[in-house]
Asker: 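Sharing a structure below in structure tokens format, with a few things to ask.
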Amino acid sequence: MLRMSTLLLRTLRDDPADAEVASHKLLVRAGYVRRIAAGIYSWLPLGYITFRNIERVVREEMDAAGFQEVHFPALLPRDPYERTNRWEEYGGSLFRLKDRRGNDMLLGPTHEEMFTLMIKGEFASYKDLPISIYQIQTKYRDEARPRSGIIRGREFVMKDSYSFDIDDEGLAASYEKHRQAYISLFDRLGLKYNIVSAVSGAMGGSRSEEFLAPCETGEDTYVLCPQCGYAANVEAMITKVPAYAGETPPAMQVFDSPNTPTIDSLVELLNKNHGGGFKGSDTLKNVLLMADGKAISILVPGDREVDLKRVEANLPGVEELRLFEDEDFKKFPGLVKGYVGPQDAKKLGITVYADPRIVKGSHWITGANVREKHVMYVTHGRDFEVDGFIEAAEVRAGDQCPECATPVVIDRAIEIGHIFQLGRKYAEALDLTVLDKDGKARVVTMGSYGVGVSRAVAAIAEQSHDEIGLIWPREVAPADVHIVATGKDDLPFDTAEKLAHDLEALGLRVMLDDRRDASPGVKFKDAELIGNPFIVIVGKALAEGKVELRDRKSGDKNEIALDGAPAAINKVVTAH
RNA sequence: CGGGGCGUAGCGUAGUGGCUAGCGCGCCUGCUUUGGGAGCAGGAGAUCGCGAGUUCGAAUCUCGCCGCCCCGACCA
């Protein structure tokens, strides 16, 4: 039983000055967490109980799926991370340190290497596969900018699991098992979420989905179709465009366009000198990028910006991607800043990628590769060719859903889980093979799967609170029932004490406000702030032999007879 | 890493060169109070982030450092 009279807890009346988002403010005010350093928090009793409840749900669902729990150190040697090149690749986000002998060590940001080596150390046969193992571990990432309280910390707890299979079909099955386990665990945690297609990106796998918990303060942006439920990370959003059905345009026509280095200035000139009705979307924007030292041009409709994150996600293998700088223009004298067109790309030695909207046969107004001149009727397939299509343009609310063509909405969310078909990258780097039926060595294929356990505390708080405090789903709340005793004599306190014991005997978890010196108002405010799903008030109504039961979320209040109260309360609570 | 802001008691804050650094919450003591963050009286608690400098005098001005928050870049 949690007794308010002795709990290590001091609720705060004011929002902390360094908190911006609701979860951060409330978790601090209600006495769940305290900041130690940027992105590093300690858990007070209430916070740690809640945290462990979430951890327990995660563990139970992992175990139910048949995955085996293991545990690695957070403090790790450099060597395994050297072999996968991540000692370097991880950059500034890796906490590096040296032991007394000068050996390089690190605090694990994620544990692919260690898991791979664990399987390699124990197993060597296809008969041992498939297997999935997991841990619940503290991770360390020296984020450039920790933010939003415990949503994005430098130290956080993650459940990470890894599947090992002999072939792609096995991987697909392991992936699906994890997907199902995640669905049941997030459902149990009472989180609202969308499963969103993601881009596997630099990790080099194939299929990947994120579990995103929608909330305004989330830092991930994703696309959602209100009609068919299609959901995708902005990087993974697919553009579907019908084939060009218009007439074949006349031959290219160059025109003078002084002082029109931007799309806006070009459209203005067109409408002034060439009749009205021109829009930014009639023009073709050529955005020049340097990709690992190679010049590429991205073609998008003039009214769209290029989204570098999307480009990067869709250009696998490229390590450094940046916009053209003046230095780069010097190296390509044929490119005239502000007047670039794709017609002469071959001649200029530039690779051209087009947004899917630049369909074959469509014609555009674009730069003439000559200062102060543009061209119209520049036609894809006739006047220029592209080296490939790429998802490059920014995604906007109202863009068409690739599944059903309904206008999509754009929403924000917190990433609470990520499942990922890793493939053979780590197995190859660390030489994880097993012998197959024919006695031949085969590289194992892996999946990796993460749940942010500490982050889930904040995600639930974000999704489940009101102006006056937190509102926990029962399974994660510090207690099922928060009993408040009010009054000046012993009766309400003795009654509350007995009720607490009776409820515990029925299997409920109880928090009891047995403070004799606090006023009723303080106790009510604290109970509401702390956010247990049910509040029982033992006070005034005792005169009629009743106690009051409140539903924290709905605010519903009911008086119930003290006689038989434990059973009645138990019934309401367990039906929740 | 670029831009902006902030650092005064456990928390929230006032104080732009001049007396013993002020107030609210919280904390301690006593009395009263007990269904919506009680009242009165008394009290404890602050090297004003750290270090240098300017000055008769610095929380206040200058320089350096450290820390924290926000926007962006980054984020298996």
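Chain A is the first sequence line, chain B the second, and so forth, proteins listed ahead of strands; every chain is numbered from 1. Fair warning: this is a prediction, and the values are worked out from it, not measured in the lab.
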Asker: With sugar-phosphate meaning primed atoms plus P, OP1 and OP2, does A:Ala541 contact a base, only sugar-phosphate, or nothing at under 4.0 Å between heavy atoms?
Answerer: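 It contacts base atoms.
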Asker: The side chain of A:Pro520 is closest to which nucleotide in this list: B:C69, B:U34, B:G72?
Answerer: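 Among the listed nucleotides, the one closest to the side chain of A:Pro520 is B:U34.
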Asker: Are A:Phe67 and A:Tyr134 near enough that their ring centres are under 6.0 Å apart?
Answerer: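 Centroid distance A:Phe67-A:Tyr134: not below 6.0 Å, so no.
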Asker: In whole Å, what separates the P atom of B:G37 from that of B:U62?
Answerer: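 Going atom to atom, P in each nucleotide, I get 45 Å.
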Asker: Considering Watson-Crick and G-U wobble pairs with both distances under 3.5 Å, what does B:A44 pair with?
Answerer: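 The base-pairing partner of B:A44, which may sit in any strand shown, does not exist here.
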Asker: Can you check the distance between B:G43 and B:G3, where both ends of the measurement are the C1' atom (answer in whole Å)?
Answerer: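 The same atom, C1', in both gives a distance of 48 Å.
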Asker: Does A:Arg10 place a side-chain N or O at less than 4.0 Å from the phosphate oxygens OP1/OP2 of B:G10?
Answerer: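 No, because none of the side-chain N or O atoms of A:Arg10 sits under 4.0 Å from OP1 or OP2 of B:G10.
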Asker: If pairing requires Watson-Crick or G-U wobble contacts with both distances under 3.5 Å, which nucleotide is the partner of B:G35?
Answerer: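 Looking at the geometry, B:G35 pairs with no nucleotide.
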Asker: Okay, side chain of A:Arg310, backbone of A:Val234: is any donor-acceptor separation there less than 3.5 Å?
Answerer: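 Yes, the answer is positive, given that a donor and an acceptor are paired below the 3.5 Å cut-off.
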Asker: Using the P atoms only, state how far B:U13 lies from B:U54, rounded to an integer number of Å.
Answerer: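 Straight-line distance between the two P atoms is 35 Å.
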Asker: Of all the choices, B:U34, B:G12, B:C70, which nucleotide is nearest to the side chain of A:Asp14 once you look at every atom?
Answerer: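 Closest of the options to the side chain of A:Asp14: B:G12.
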Asker: Provide, to the nearest angstrom, the distance between the CG atom belonging to A:Asp18 and the P atom belonging to B:C71.
Answerer: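 To the nearest whole Å, that distance equals 13 Å.
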Asker: For B:C25, which nucleotide is its Watson-Crick or G-U wobble mate, given both distances must be under 3.5 Å?
Answerer: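 Check on B:C25: paired to B:G10, both distances under 3.5 Å.
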Asker: Determine the contact category for A:Lys557: base if any of its heavy atoms lies under 4.0 Å from a base atom, sugar-phosphate if only primed atoms, P, OP1 or OP2 are that close, otherwise nothing.
Answerer: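 Since no nucleic acid heavy atom lies under 4.0 Å of A:Lys557, the category is nothing.
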Asker: Work out which heavy atom in A:Tyr193 is nearest to a heavy atom in A:Ile195; give both atom names and the distance.
Answerer: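 Taking A:Tyr193 first and A:Ile195 second, the nearest heavy atoms are CE1-CG1, 4.0 Å.
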Asker: Using the P atom as the reference point in each nucleotide, state the distance between B:C48 and B:C40 in Å, no decimals.
Answerer: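 It comes out at 32 Å once rounded to the nearest Å.
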Asker: NA contact type, A:Ser148, heavy-atom cut-off 4.0 Å: base, sugar-phosphate, or nothing?
Answerer: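 Sugar-phosphate only.
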Asker: Which of these nucleotides, B:G35, B:A38, B:C69, is closest to any side-chain atom of A:Ile537?
Answerer: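 Given the options B:G35, B:A38, B:C69, the side chain of A:Ile537 is closest to B:G35.
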Asker: Taking B:A44 as the reference, what is the distance to B:G49 when you measure between their P atoms (whole Å, please)?
Answerer: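 The answer is 23 Å between these two P atoms.
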Asker: For nucleotides B:U20 and B:C65, find the distance between their C1' atoms and express it as a whole number of Å.
Answerer: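 Per the computed distance, 32 Å lies between those C1' atoms.
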Asker: Using atom OH of A:Tyr41 as one end and atom P of B:C68 as the other, report the distance to the nearest whole Å.
Answerer: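 Atom-to-atom, A:Tyr41 to B:C68, this comes out as 10 Å.
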Asker: Please state the P separation for the pair B:G64 and B:G5 - nearest whole angstrom.
Answerer: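 To the nearest whole Å, 16 Å.
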Asker: Report yes if a donor N or O on one partner sits less than 3.5 Å from an acceptor N or O on the other, where the partners are the side chain of A:Thr486 and the base of B:G35; otherwise report no.
Answerer: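 It does, because a donor-acceptor pair links the side chain of A:Thr486 to the base of B:G35 below 3.5 Å.
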Asker: Considering every strand shown, what is the Watson-Crick or G-U wobble mate of B:G64 when both distances are under 3.5 Å?
Answerer: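 B:G64 is paired with B:C50.
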Asker: Have a look at A:Ala144 and say if it touches a base, only the backbone sugar-phosphate, or nothing, with a 4.0 Å heavy-atom cut-off.
Answerer: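 If one applies the 4.0 Å heavy-atom cut-off, A:Ala144 turns out to touch a base.
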Asker: Suppose you measure atom P in B:C71 against the same atom in B:C28; what distance do you get, rounded to whole Å?
Answerer: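 Rounded to whole Å, the distance is 38 Å.
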Asker: Counting any heavy atom closer than 4.0 Å, what does A:Glu219 reach on the DNA or RNA strands: base, sugar-phosphate only, or nothing?
Answerer: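 The residue A:Glu219 makes no contact with any strand.
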Asker: Identify which one of A:Met4, A:Glu497, A:His482 satisfies the side-chain contact (heavy atoms from CB on, under 4.5 Å) criterion when paired with A:Leu512.
Answerer: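 So the option named by the test is A:Glu497.
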Asker: In the strands shown, is B:A59 matched to any nucleotide by a Watson-Crick or G-U wobble pair with both distances under 3.5 Å, and which?
Answerer: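 When the pairing criteria are applied, nothing turns out to pair with B:A59, so the answer is none.
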Asker: Suppose we define a pair by two distances each less than 3.5 Å, Watson-Crick or G-U wobble; what does B:U20 pair with here?
Answerer: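 Per the H-bond distance test, none.
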Asker: Below 4.0 angstrom from OP1 or OP2 of B:G37, is there any side-chain N or O of A:Lys525?
Answerer: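 Negative; the distance criterion is not met.
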Asker: Is it the case that the base of B:G37 and the side chain of A:Arg29 share a donor-acceptor contact (distance under 3.5 Å, atom types as modelled)?
Answerer: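 Flag set: donor-acceptor pair detected.
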Asker: Between P on B:G12 and CZ on A:Arg34, what's the gap in Å once rounded to a whole number?
Answerer: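 For the pair A:Arg34 CZ and B:G12 P, the rounded distance is 10 Å.
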Asker: Answer yes or no: does a side-chain N or O of A:Arg145 lie under 4.0 Å from OP1 or OP2 of B:C74?
Answerer: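 Checking A:Arg145 against B:C74: no side-chain N or O falls below 4.0 Å of OP1 or OP2.
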Asker: Which part of the nucleic acid does A:Arg147 contact within heavy-atom distance under 4.0 Å: base, sugar-phosphate only, or nothing?
Answerer: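 Answer is base: heavy atoms of A:Arg147 come under 4.0 Å of a base.
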Asker: Looking at A:Val451, A:Val453, A:Leu189, which one forms a side-chain contact (heavy atoms from CB on, under 4.5 Å) with A:Val57?
Answerer: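 Output: one option passes, namely A:Leu189.
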Asker: Taking N and O atoms by type only, does the side chain of A:Asp15 place a donor or acceptor under 3.5 Å from a partner on the base of B:G12?
Answerer: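 No such pair is found, so the answer is no.
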Asker: When the distance from NZ of A:Lys523 to P of B:G36 is rounded to whole Å, what number comes out?
Answerer: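 It works out to 13 Å between those atoms.
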Asker: Would you say A:Arg13 reaches B:G24's phosphate, i.e. side-chain N/O to OP1/OP2 under 4.0 Å?
Answerer: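 Result: no.
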Asker: For the atom pair OH (A:Tyr175) and OG (A:Ser208), what is the distance rounded to the nearest 0.5 Å?
Answerer: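 A:Tyr175 OH to A:Ser208 OG: 6.0 Å, rounded to 0.5 Å.
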Asker: For A:Tyr32 together with A:Phe51, are the ring centres under 6.0 Å from each other?
Answerer: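 No, they do not, as the ring centres are separated by 6.0 Å or more.
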Asker: Spell out yes or no: do the side chain of A:Glu528 and the base of B:G37 have one donor N/O and one acceptor N/O closer than 3.5 Å?
Answerer: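 Flag unset: no donor-acceptor pair detected.
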Asker: Would you call A:Val484 and A:Phe524 a side-chain contact if the rule is heavy atoms closer than 4.5 Å?
Answerer: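 The answer is yes, as the side chains (C-beta and beyond) meet within the 4.5 Å cut-off.
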Asker: Check whether any side-chain nitrogen or oxygen of A:Ser519 sits under 4.0 Å from OP1 or OP2 of B:U34, and answer yes or no.
Answerer: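 For B:U34, OP1/OP2 do not have a side-chain N/O of A:Ser519 under 4.0 Å.
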